[in-house]
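Excluded from the calculations below are hydrogen atoms, water molecules and symmetry mates; all remaining heavy atoms, backbone and side chain alike, are included.
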Amino acid sequence: MRVLVTGGAGFIGAHIVTALNERGHEPVILDALLPAAHPESPVLPDAALVHGDVRDAETVRAVLRGVDAVCHQAAMVGLGKDFADAPAYVGCNDLGTAVLLAGMAEAGVRRLVLAGSMVVYGEGRYVCPRDGAVRPGRREAADLEAGRFEVRCPRCGAELVPGLVGEDAPVDPRSVYATTKLAQEHLAAAWARSVAGRAVSLRYHNVYGPGMPRDTPYAGVASFFRSALARGEAPRVFEDGAQRRDFVHVRDVAAANVMALEAVGGRAAGSSAVYNTGSGEPHTILEMAEALAEAHGGPGPVVTGEFRLGDVRHVTADSARLREELGWRPQVGFAEGMAEFARARQRASAAPRKS
């Protein structure tokens, strides 16, 4: 299968290209190679490279010739620095996806796997000891400033117990990035219905591993901590460090993409589906920082009590559907993965905007 990987020179995209090669497919990379994302010449996996922007319709038309499926990874990622980033997020993520889908419709390409994100859920799943499953409201600045980090029941005020969030949970995007990721899913579903295509969105949880960018406000928390350790500094852990996340290794995410690409052709025409893509092994932010620091041999983490408005408290994946329907199983455990990441090469970065 000839597969176009948008953003294929980026962190996750490059691992997907490698996994496609290992499965005997023919990957083609489309990447803008923006200096902000690639200040150094990237070490590219074995694949044809088209240097171009997914928002350029002529480039997209040309690169889609002879393609059987698309794995869409190109995106601006992370929370960003402030709301001034909103036009860039919408342009990269939503306009880029719309241009790509229009090109696929014209070229007759009918298989799509999209890089989704767990951020579409907002807060994860919670249960109140008295009121059962409830959806918490936003966390207020006054509570965070006072060190009251846990979310509480909107009915009785009791502290809520976090659980695993499934794909049928209500979506509640709480940042510009999250909003654009949800819009990408809606665009993909509309495309599938319109052209009898088949679309799958993999809602990534906290992806980490070799090749992750360093020293950028747009990367994930694992990158922040790893970058600090590389500078000989202690990782700075916000809030009290008890925030729960699901850290999933990039090679496992790449394998999920390849499995989804191989399986999507068997889905009903006009259909779309979403799958949580996580390790199934929740850990706190502090546990992750401690594991990285120990494996790196650097200073232990410092819990600062600082916070960012818009950060959610807990969100961890129930990835049972991906396991049951596609047969995917994560292969890299938390301890093994963090030990490797602690000493792995990171990509140079200059506040990147494309992945």
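- Looking at E106 and R61, a side-chain N of the basic residue comes within less than 4.0 Å of a carboxylate O on the acidic one, giving a salt bridge.
- In this structure, the side chain of R198 does not engage the main chain of R110 through any donor-acceptor pair within 3.5 Å.
- To the nearest 0.5 Å, the span separating CZ on R245 from CG on N206 amounts to 6.5 Å.
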Q. What do the steps show when you test M338 against F225 for side chain to side chain contact (heavy atoms under 4.5 Å, CB included), and what is the final call?
A. CA-CA 11 Å; M338 289 298 167; F225 294 166; over 6 Å; no
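- Between the CZ atom of R125 and the OG1 atom of T316 there is a distance of 10.0 Å, given to the nearest 0.5 Å.
- Side-chain atoms of Q331 and H249 form no donor-acceptor pair, as typed in the model, at a separation below 3.5 Å.
- Among residues two or more places apart in sequence or in another chain, the side-chain contact (heavy atoms from CB on, under 4.5 Å) test is passed with E22 by T18.
- Classification of D143 and R138 as a salt-bridged pair fails, no side-chain N sitting under 4.0 Å from a carboxylate O.
- With a 4.5 Å cut-off on side-chain heavy atoms, L144 and F238 do not count as touching.
- Legend: residues meeting side-chain hydrogen bond (donor to acceptor under 3.5 Å, both in side chains) with R2, ordered by chain and number and at least two apart, are E26.
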(Q) The test is side chain to side chain contact (heavy atoms under 4.5 Å, CB included); show your working for R267 and E325 and say whether it passes. (A) CA-CA 11 Å; R267 303 190 68 88; E325 295 188 9; 4.2 Å; yes
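- The two atoms that bring Y177 and V77 nearest to each other are CE1-CA, 3.7 Å, heavy atoms only.
- Classified by interplanar angle (parallel below 30°, tilted 30° to 60°, perpendicular above 60°), the ring pair H205/Y121 is tilted.
- Atom CG of L160 sits about 9.0 Å away from atom CD of E123, to the nearest 0.5 Å.
- Side-chain contact, D311 with Q243: no donor N or O sits under 3.5 Å from an acceptor N or O.
- The ring-ring contact (aromatic ring centres under 6.0 Å, His included) check on H72 picks up nothing, with sequence neighbours excluded.
- Defined by atom type and a distance below 3.5 Å, a donor-acceptor pair is present between the side-chain atoms of E262 and H25.
- Ring orientation note: the planes of F247 and Y208 are nearly perpendicular, at an angle over 60° on the 30°/60° scale.
- Judged by distance alone, the side chains of D246 and S279 do bring a donor and an acceptor atom under 3.5 Å apart.
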